[in-house]
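Naming: A, B, ... by sequence-line order, numbering from 1 per chain.
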2 protein chains.
Amino acid sequence: MSGLAKLSGVDISTVSRALNDSPLVNGKTKDHILKLAHETGYAINARARNLRKQSSQTLGIVIPVYPGSHQNLSDPFFLEMIAAVSQAAAKFDYDLIINLPNSPSEIAERRLLLSGKADGLIVIGQAGRIERLRSLGDAADRVVVWGGMIEAADYTLVGSDNFEGGRLVGEHLKDIGRHRVVFLGDIDLPEVELRYNGLMSVWNGDSADTSVKHVRSSFDGHEAYRQTLALCEGTESFDAVFAASDVLAIAAIHALQSKGLRVPEDVAVVGYDNIGQAAMISPGLTTIDQNIKLGGEILVNTLIDKIAGNPVRATLTPTKLVIRGSTVGG
Amino acid sequence: MSGLAKLSGVDISTVSRALNDSPLVNGKTKDHILKLAHETGYAINARARNLRKQSSQTLGIVIPVYPGSHQNLSDPFFLEMIAAVSQAAAKFDYDLIINLPNSPSEIAERRLLLSGKADGLIVIGQAGRIERLRSLGDAADRVVVWGGMIEAADYTLVGSDNFEGGRLVGEHLKDIGRHRVVFLGDIDLPEVELRYNGLMSVWNGDSADTSVKHVRSSFDGHEAYRQTLALCEGTESFDAVFAASDVLAIAAIHALQSKGLRVPEDVAVVGYDNIGQAAMISPGLTTIDQNIKLGGEILVNTLIDKIAGNPVRATLTPTKLVIRGSTVGG
DNA sequence: TAGCAAAATACAACCGATTGCAAAAATCAC
DNA sequence: GTGATTTTTGCAATCGGTTGTATTTTGCTA
């Protein structure tokens, strides 16, 4: 910048104002400086600017996908969420630092915020992090969490309506006459529990020939595959599987088919997320669309509001059922 | 930091040295300062440190997945690559800024580098960016590209051996007696062309009853699905499909099955990438494993070497065939 | 053309760390 | 105990912008 100042014969403060399009500088001067800046390929030094402005124009996104934990590293849901958040942040000229902690004990959240590397933080999922999120103190002002609505949270939550999603699936299964449902997922996770509760709400007070069986599985497809195989080898019969994610549902379909069961004739399968692959397997996967793109936008809008000091409340994104061949084909 | 200095009664320069574990400060003084820092939850201000040290301990990763372009936003390959790079970077205490440009014209590369937001840049894929990468000038010293080895590149390339991957697939198809192969992908992309050439190399000089047909498809699963359907409706017969990615292969299987063709009995299908879902569809997908985890590590190691001023050369990562039911099941 | 307001520019402090060098304190040798 | 070393600490410049305030220039009015 001092180089530009010499070139154009003005003070660096004027150069700075020109580059920031301040109304304080004369139009001609501004044009001249901008032309020089363009010609020399000058780019403002973000490090100096960040220090002075006490901001880094960067948000952080933390996705806990540590091995052996609750989530599978290759679940496309995350990529779609990253893309949605990234593009929403770009609209505000924010960059995005991505952090995928290797272990539950990593403390990237605090570090990113307190060091000023990120102005705010988006955390995807509450699993195993609720206490830590609660302990953020003041820094919680600059954190937004994607997850199911739980009352105990004193941080800001954004998420789809997991209960409603579960309920929609229940209604659909009821509509197509399925009564013996397997719920595949880990209801110890808040989001999954809500989906389960939504599902159950449909059958409240119904006749005794309906049943919902909970089969615990992490978000890892291989585990879901094994669980489903075991289920087929068991004695209980079932005519529908509702999985807590599309990855689990796809694995379940694979397991069912390998056991000679037809989807959806013998067993209807429903997933959750509506990832790209859901439409591209055979049969197509009926699933819940959380509208991840909108979710990402709301996360970013909410976070930027919080950073600006505006109070914000929890937000639900719309949730809808996408019906494909895994429930009504055949 | 000045707060810590007052608390401990020493100069901030001593505090700085203590926090950086400099041998210049007395052991007792150091312990005392560290204890205070811990108690007060102090974190070094990265913005000030970055400015002074002329480095930001941050790498950038650019993934061109703009809509309508060559790649599908939900391709799990990218997520696995992001995870691999992120974890490799973390080992060197680097953070990772992720950039998913919306359009081919975005110039995040230059901005991130020249503004100093990132010390170096990893670009995933050369598609549509070759000229731009060439025009980086000095900044090319801090860029590493994941992609197929092409001679014209004057930037540093890291990638798996795409030719060898294609060759391995060819050998395998030959072994199982398939002769009429459809190659599904866009050979205008350097990586895909190499895979295609590898495949072709197997049949060089063979008898006339073998054929390889190129069906152009972007990396979008929906397009591959339509192309495969059209293929089934065409007159040419084929007994194998080699797709340029697993996402395409999965879509192709879906299309084949929906047309009543059996995989692998009627048509064998091979993918590329070995994403998590490849093992979880029915039948399991035979595919090429690029060892993305290792690839991410090499990308980061190479980039950090370049940043340090060490000359580095292009690197190939190992490539291997993973055989599953989509070619030898049934 | 003087006088005053408005516009444009320059000056200088500041953001919060790092680091070369000077100064002070501690240790050692004799 | 004194001088020479070695440790340890403090001082002050520096990184490269931004911004409040002072100053200069320009433009307008009478």
Side-chain angles (χ1 to χ4, degrees), chain A residues 1-38 40-58 93 95 111-119 139 307, chain B residues 1-38 40-58 93 95 111-119 139 307:
Chain A
M1 186 168 267
S2 64
L4 278 183
K6 274 193 199 90
L7 273 180
S8 52
V10 297
D11 189 79
I12 59 168
S13 62
T14 299
V15 174
S16 171
R17 293 194 170 96
L19 293 178
N20 288 290
D21 200 26
S22 157
L24 285 180
V25 320
N26 180 287
K28 276 182 205 149
T29 315
K30 196 183 288 186
D31 291 346
H32 182 215
I33 294 174
L34 288 177
K35 190 159 69 78
L36 286 172
H38 182 75
T40 59
Y42 177 80
I44 293 179
N45 183 313
R47 300 195 267 249
R49 160 184 271 216
N50 290 346
L51 173 59
R52 177 58 222 239
K53 300 196 90 169
Q54 301 285 71
S55 124
S56 49
Q57 283 292 305
T58 302
D93 289 319
D95 286 309
R111 182 182 61 77
L112 283 174
L113 280 180
L114 297 187
S115 74
K117 275 202 119 172
D119 295 338
I307 292 173
Chain B
M1 189 167 267
S2 65
L4 277 184
K6 274 194 199 90
L7 273 180
S8 51
V10 297
D11 190 79
I12 60 168
S13 60
T14 300
V15 173
S16 171
R17 292 190 173 102
L19 293 178
N20 288 290
D21 200 24
S22 158
L24 286 180
V25 320
N26 180 285
K28 278 181 203 150
T29 316
K30 196 184 287 184
D31 290 347
H32 182 215
I33 295 173
L34 289 177
K35 190 159 70 78
L36 285 172
H38 183 75
T40 58
Y42 178 81
I44 293 178
N45 183 312
R47 300 195 267 250
R49 158 183 272 214
N50 289 346
L51 172 58
R52 177 58 221 244
K53 300 197 89 168
Q54 301 284 74
S55 124
S56 49
Q57 283 292 304
T58 302
D93 289 319
D95 286 309
R111 183 182 60 77
L112 283 174
L113 280 181
L114 298 186
S115 73
K117 276 201 118 172
D119 296 336
I307 293 172

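- Residue Lys117(A) contributes atom NZ, which lies 23 Å from atom P of dC15(C) at whole-angstrom precision.
- Interatomic distance, Asn50(B) CG to Ser56(A) OG, rounded to the nearest 0.5 Å: 9.5 Å.
- For the atom pair NZ of Lys6(B) and OG of Ser2(B), the computed distance is 5.0 Å after rounding to the nearest 0.5 Å.
- Within residues 26-33 of chain B, the residues having any heavy atom closer than 4.0 Å to DNA chain D are, in order of number, Asn26(B), Thr29(B).
- Residue Asn20(A) is classed as a sugar-phosphate contact, given heavy-atom separations below 4.0 Å to backbone atoms only.
- When Leu7(A), Leu36(A), Leu34(A), Leu19(A) are each tested for a side-chain contact (heavy atoms from CB on, under 4.5 Å) with Tyr42(A), only one passes: Leu19(A).
- Residues Gln57(B) and Asp93(B) meet the side-chain proximity criterion, which asks for heavy atoms closer than 4.5 Å.
- Here the P atom of nucleotide dA13(D) and the CG atom of Leu51(B) are 17 Å apart, to the nearest Å.
- Rounded to an integer number of Å, the gap from CD of Gln57(B) to P of dT18(C) is 12 Å.
- Less than 4.0 Å separates DNA chain C from at least one heavy atom of each of the following residues of residues 2-17 of chain B: Ser13(B), Ser16(B), Arg17(B).
- Both Leu24(B) and Asn45(B) lie near DNA chain C, and the one whose nearest nucleotide falls closer to the 5' end is Asn45(B).
- Contact detail for Val25(A) and Lys30(A): the closest heavy-atom pair is CG2-CE, 3.3 Å.
- Heavy atoms only, all atoms of each residue included: Gly41(B) and Leu114(A) are closest at O-CD1, 4.0 Å.
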Just the table, please: protein N/O against nucleotides 23-26 of chain D N/O, every pair under 3.5 Å.
none

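- Contact check, Gln54(A) against dC14(C): no side-chain N or O comes under 4.0 Å of OP1 or OP2.
- Taking 4.0 Å as the cut-off between side-chain N and carboxylate O, Asp119(A) and Arg47(B) count as a salt-bridged pair.
- Across Ala18(A) and Ile33(A), no two heavy atoms sit closer than the pair CB-CD1, 3.7 Å.
- In this structure, the side chains of Asn20(A) and Arg49(A) come closer than 4.5 Å at one or more pairs of heavy atoms.
- As rounded to whole Å, 12 Å separates atom C1' of dG16(D) from atom CG of Leu19(A).
- Between the side chain of Arg49(B) and the base of dT18(C), no donor-acceptor pair under 3.5 Å is found.
- Look at Tyr42(B) and you won't find any side-chain N or O under 4.0 angstrom from OP1 or OP2 of dG16(C).
- Comparing Lys53(B) and Lys53(A), the nucleotide of DNA chain D nearest to each residue sits closer to the 5' end for Lys53(B).
- Heavy atoms only, all atoms of each residue included: Val15(B) and Ser8(B) are closest at CG2-OG, 4.2 Å.
- Arg47(A) has its CZ atom 13 Å from the P atom of dC15(D), to the nearest Å.
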